[in-house]
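The block underneath contains the structure these notes are about, expressed in structure tokens.
These numbers come from a predicted model, not from an experiment. Order of listing sets the numbers, starting from 1, for every ligand and every atom in it.
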Amino acid sequence: MTDLLAHLDADRVLAPDRDWWRQAAVYQIYPRSFADANGDGIGDLTGITSRIPYLVELGVDAVWLSPFYPSALADGGYDVDDYRDVDPKLGTLADFDEMIAALHAAGIRLIADIVPNHSSNRHEWFREALASPPGSAARERYIFRDGEGPDGTQPPSDWQSIFGGSAWEPVGDGQFYLHLFAPEQPDLNWANREVRDDFLRTIRFWADRGVDGFRVDVAHGLAKDLTAPLRSHAELEATKLAGDGSHPLWDREELDEIYAEWRAVFDEYDPPRIAVAEAWVAPTRRHRYAAPTSLGQAFNFDLLRANFDAGEFQEIVDRNMVFAAETGSSNTWVFSNHDVVRHATRYGLPDDHTVEYDLGKAWLLSGGVTPEVDVERGLRRARAATLFLLGLPGSAYLYQGEELGVPEVPAIPDAARQDPTFFRNAGVEVGRDGCRVPLPWTANAPSFGFGPTDAAHLPQPDWFASYAVSVQEADPGSTLSMYRRALALRHELQAEEKLAWVTLDGPDVLAYQRPSGWIVVTNFGTAPAELPPPLTDREIVHSSEPAPPTPGVVPPETTIWLR
Ligand code: GLC
Ligand code: CA
């Protein structure tokens, strides 16, 4: 450990800053696929610790760690057996303590993923609920209902789970339990005081261990109205589109009260712990999660859902600048995460390929057909989009591997698939495994350096070699070099959370200026764009195209940073 940290820059040590999150670059680690220290094919905490120098060199301010709790992995760790422990497959609490100490020593904060909507079916509470009779206090921690129909064998309603199939699972004694996700993920009952208190305890448990913040899984789902009679699935779908808070399952008013209690706990710490909501709600409904009295920040998936289009990008930025001003929160920008097809691939899809993004629907290489992807174009546009994003006011959430420009891995043999989406939608949805393949670190090594052996829990394709860190590190034009330079420069570019559009000719070019004076110009079109005279005098400090820039011209599908 001492050796590992010896070469880290001492002045990166964390400043006691309560606003550190506002414009942070946050790097999402999907722990099972990041780095494997012991060679069993599963990424682990010691693996993460060993790669801290890489994170430092990348220049991120924080890490968001997807679930690392004990889990049977029915849903990649989002099925939690015990909220206050580490999965033995990933390490121990001691490994966690060592990891967080090393991150902090390197000037990097840690955001832990917390999964409050559902536990796993192996959680001690759920085992107790199954062993207890209908109506018992143990069942009250979850959502149990009697079956319907003359013999009570029908589910309480026709609700569909997000991963496919009925949202109700029979337990054999006439009752069913609700699971909005996989059957291994029974929904907790947030009207129950014991459930609420236990999560406050969990928050304190990790905050006491030094966790700087929380990413709140399915933050819009906790509160539910299950008053009989339950409405039909079709009625619910129609209500969802209304987005007015009247849906019995999503985005309900009672959430404010739940998160106000969390906020009080966050504020017990100095600096206060932060939180970011994963809430797939209409942009106009995000305010309540981002409010300072609630979680304080909420993911904005607008850019993730957008086409590579100047008009769409501008409208989204404008709308979210207003939003940030109204809530007092900062903007959040994201293109990729562990639930969606990587943006390098999305941007290489044929122009007429439409994509549907919603919770549970954010994976698009679906319908049993893999569309033709233009890999080169996808990467070019992803790089341009990324430099557009990294210049914006607010925080940037990056997903492991995007800094390598790694595309989605479309061809995973059925037998190797893990995502419940795949199993519950046979032949229709391939699921999310394609963005969760273990990272390539070294071109000519077993498992491309993911671990010391050739084991990798999802198969890595041969073409991963060309994306390896070892290859890209040596190349100043690589995607990795582009990210590193951008993140290093970002601190100079970032100032007040403001921007002003700079009017340029043509519908395909966007330019904005930050209070630092820096200007970000993106050419979304396929023809080169000429810069007007005042801009041609400026220094081009960064470009998403590896080729040396021609002064006064922005190449097609390219972003440049001007000082
Ligand atoms: C969130 C997670 C996703 C998970 C789901 C259920 O959307 O990001 O990976 O499957 O919640 O926990
Ligand atoms: Ca391992």
Is the closest basic N to carboxylate O distance between D419 and R417 below 4.0 Å?
no

Are the side chain of S329 and the backbone of G296 linked by a donor-acceptor contact shorter than 3.5 Å?
yes

Side-chain touch Y177/F144, heavy atoms, less than 4.5 angstrom:
yes

Contacting atoms of ligand 1, where contact means under 4.0 angstrom from a heavy atom of R436:
9 (O)

Can you give the angle N38 OD1 - the Ca ion (ligand 2) - I42 O, rounded to 10°?
160°

Examine the proximity of ligand 1 to F163 and report which part, side chain or backbone, both or neither, has a heavy atom under 4.0 Å away.
side chain

With a 3.5 Å distance limit and no angle check, can you tell me whether H123 reaches the backbone of V80 through a side-chain donor-acceptor pair?
no

Report, in ascending order of atom number, the atoms of ligand 1 lying under 4.0 Å from any heavy atom of R432.
3 (C), 4 (C), 9 (O), 10 (O)

Can you list the atoms of ligand 1 that are under 4.0 Å from a heavy atom of R215?
2 (C), 8 (O)

List ligand 1 atoms under 4.0 Å from H118, heavy atoms only on the residue side.
6 (C), 12 (O)

Salt-bridged, D87 to R32, with N to O below 4.0 Å?
yes

Which atoms of ligand 1 sit under 4.0 Å from any heavy atom of E278?
1 (C), 7 (O), 8 (O)

Side-chain contact, heavy-atom cut-off 4.5 Å: Y467 with P407?
yes

Output yes when D81 and R127 qualify as a salt bridge under the 4.0 Å nitrogen-oxygen rule, no when they do not.
no

In degrees, rounded to 10 degrees, what angle do D40 atom OD1 and D44 atom OD2 make at the Ca ion (ligand 2)?
170°

Below 3.5 angstrom, do we get any N/O pair linking W280 and ligand 1?
no

Cationic N near anionic O, under 4.0 Å, R193 to E261
yes

Closest to atom 11 (O) of ligand 1 among L180, D217, D79 (heavy-atom distance):
D217

Can you list the ligand 1 atoms lying under 4.0 Å from a non-hydrogen atom of D75?
4 (C), 5 (C), 6 (C), 10 (O), 12 (O)

Among the N/O/S atoms of D36, select the one at the shortest distance from the Ca ion (ligand 2) and name it.
OD1

